[in-house]
Amino acid sequence: MWRRKISAKQDKQTYLKTLRYLEKINDSEIDKKMKVVEKVLAISDKKKRYDYLYDLICDYLDQEFRSRNICGFHCGICRRRQDMIERNIKKDTYQDGCCYRYSKNESCQYLIPGVGCSIKNIACKTFTCFYLRKRGYRFQLHHIYLARYFFNVRQKFFMENTYFVDKNVMMKGILRRG
């Protein structure tokens, strides 16, 4: 295992904690992920670092949902709603699944039909409905190696609970809580 010399004390702690975490969970791509951590630690400006991390986490979550087809959309209807239709449960079958805003009785303004979400919002991307959580799908920032030690508890709470807003609003909130 290689280890890079890292100058700042806090960055060195973050590096070592991340390495130990990846070793603890027996991650098969430790070398690849630690190179990403080094790249993040090389960014000295706090705003740029958070911005880069935020993009990496959003891209990771998008890739997970797409590659594993977690929501199982078919003809615009998610797996949960399809199951309800098959069992003749009389519930609304919204085309956009969890992106439908019940409070406003409309789809999220950032959702582009057939394409998906047009913004980067970690809360929306980590959200899984009860149906999916019951089947073992749950995403928490505390379990994503890039967020585990780079963000504090207040920042992670904010990111996981602020839905339907774009990245600019999220970044202001992250920096304010940093």
Determine, using the 4.5 Å side-chain heavy-atom cutoff (strictly less than), whether Y52 and Y149 are members of one ILVMFWY cluster.
yes
If you measure from CG on D59 to CZ on R66, what distance do you get to the nearest 0.5 Å?
8.5 Å
List the steps and the verdict of side chain to side chain contact (heavy atoms under 4.5 Å, CB included) for K125 and Y60.
CA-CA 10 Å; K125 294 177 187 309; Y60 162 76; over 6 Å; no
When every non-hydrogen atom of A123 is compared with those of N161, the smallest separation belongs to CB-N, 4.0 Å
Any heavy-atom pair between the side chains of L56 and V40 that's under 4.5 Å?
yes
For the atom pair CG (L19) and OG1 (T14), what is the distance rounded to the nearest 0.5 Å?
12.5 Å
Is the closest basic N to carboxylate O distance between K47 and D51 below 4.0 Å?
no
Does a side-chain heavy-atom distance below 4.5 Å link K33 with T18?
no
With hydrophobic residues grouped by side-chain heavy-atom distances under 4.5 Å, do Y163 and I119 end up in a single group?
no
Minimal non-hydrogen separation, L61 against I144, with atom names
CD2-CD1, 4.0 Å
Side-chain touch M34/Y15, heavy atoms, less than 4.5 angstrom
yes
Looking at L111 and C117, what are the two nearest heavy atoms and their distance?
CD1-N, 4.0 Å
Taken in chain and number order and not counting sequence neighbours, the residues that satisfy side chain to side chain contact (heavy atoms under 4.5 Å, CB included) with N152 are R154, Q155
Roughly how far, to the nearest 0.5 Å, is the CD atom of E29 from the NZ atom of K35?
12.0 Å
R79 side chain vs I70 backbone, donor-acceptor pair below 3.5 Å:
yes
Charged N to carboxylate O below 4.0 Å: is that the case for D166 and K120?
no
Short question: side chain of E160, backbone of C124 - any donor-acceptor pair under 3.5 Å?
no
Apply side chain to side chain contact (heavy atoms under 4.5 Å, CB included) to residues M170 and F158 and explain how you reach the verdict.
CA-CA 8 Å; M170 295 298 287; F158 174 75; 4.0 Å; yes
Check: I174 and M159 side chains under 4.5 Å, non-hydrogen atoms
yes
Shared ILVMFWY cluster between F150 and F157, side chains joined below 4.5 angstrom?
no
Can you tell me how far SG of C71 sits from OH of Y131, rounded to the nearest 0.5 angstrom?
11.0 Å
Return the SG to CD1 distance between C58 and I122, rounded to the nearest 0.5 Å.
4.5 Å
Is there a side chain to side chain contact (heavy atoms under 4.5 Å, CB included) between Y137 and R68? Walk through the geometry before answering.
CA-CA 11 Å; Y137 294 107; R68 295 166 63 187; 3.4 Å; yes
Ring centroid separation for F151 and Y50, is it under 6.0 angstrom?
yes
Are there more than 12 heavy atoms of other residues, nucleotides or ligands under 6.0 Å from atom CD of Q10?
no
Evaluate the side chain to side chain contact (heavy atoms under 4.5 Å, CB included) criterion for residues R49 and L41: first the C-alpha distance (whole Å), next the side-chain angles of each, then the deciding distance (0.1 Å), finally the verdict.
CA-CA 8 Å; R49 182 183 283 188; L41 291 172; 4.0 Å; yes
Considering non-hydrogen atoms only, spot the tightest contact between L141 and A147 and give its length.
O-CB, 3.5 Å
A side-chain contact here means heavy atoms from C-beta on lying under 4.5 Å apart; do V36 and Y145 qualify?
yes
Where is the tightest heavy-atom contact between Y54 and N121, given as atom of each residue plus distance?
OH-CA, 3.3 Å
Heavy-atom pair of closest approach, residues F139 and T128:
CD1-CG2, 4.0 Å
Please evaluate residues R148 and H143 with respect to the criterion side chain to side chain donor-acceptor pair (under 3.5 Å), reporting the C-alpha separation (whole Å), side-chain torsions for both, the decisive distance (0.1 Å), and the verdict.
CA-CA 6 Å; R148 188 173 181 97; H143 295 274; 4.8 Å; no
I112 CD1 to C99 SG distance, which is reported to the nearest 0.5 Å
11.5 Å
Under a 4.5 Å side-chain heavy-atom rule over Ile, Leu, Val, Met, Phe, Trp and Tyr, are L146 and M171 clustered together?
yes
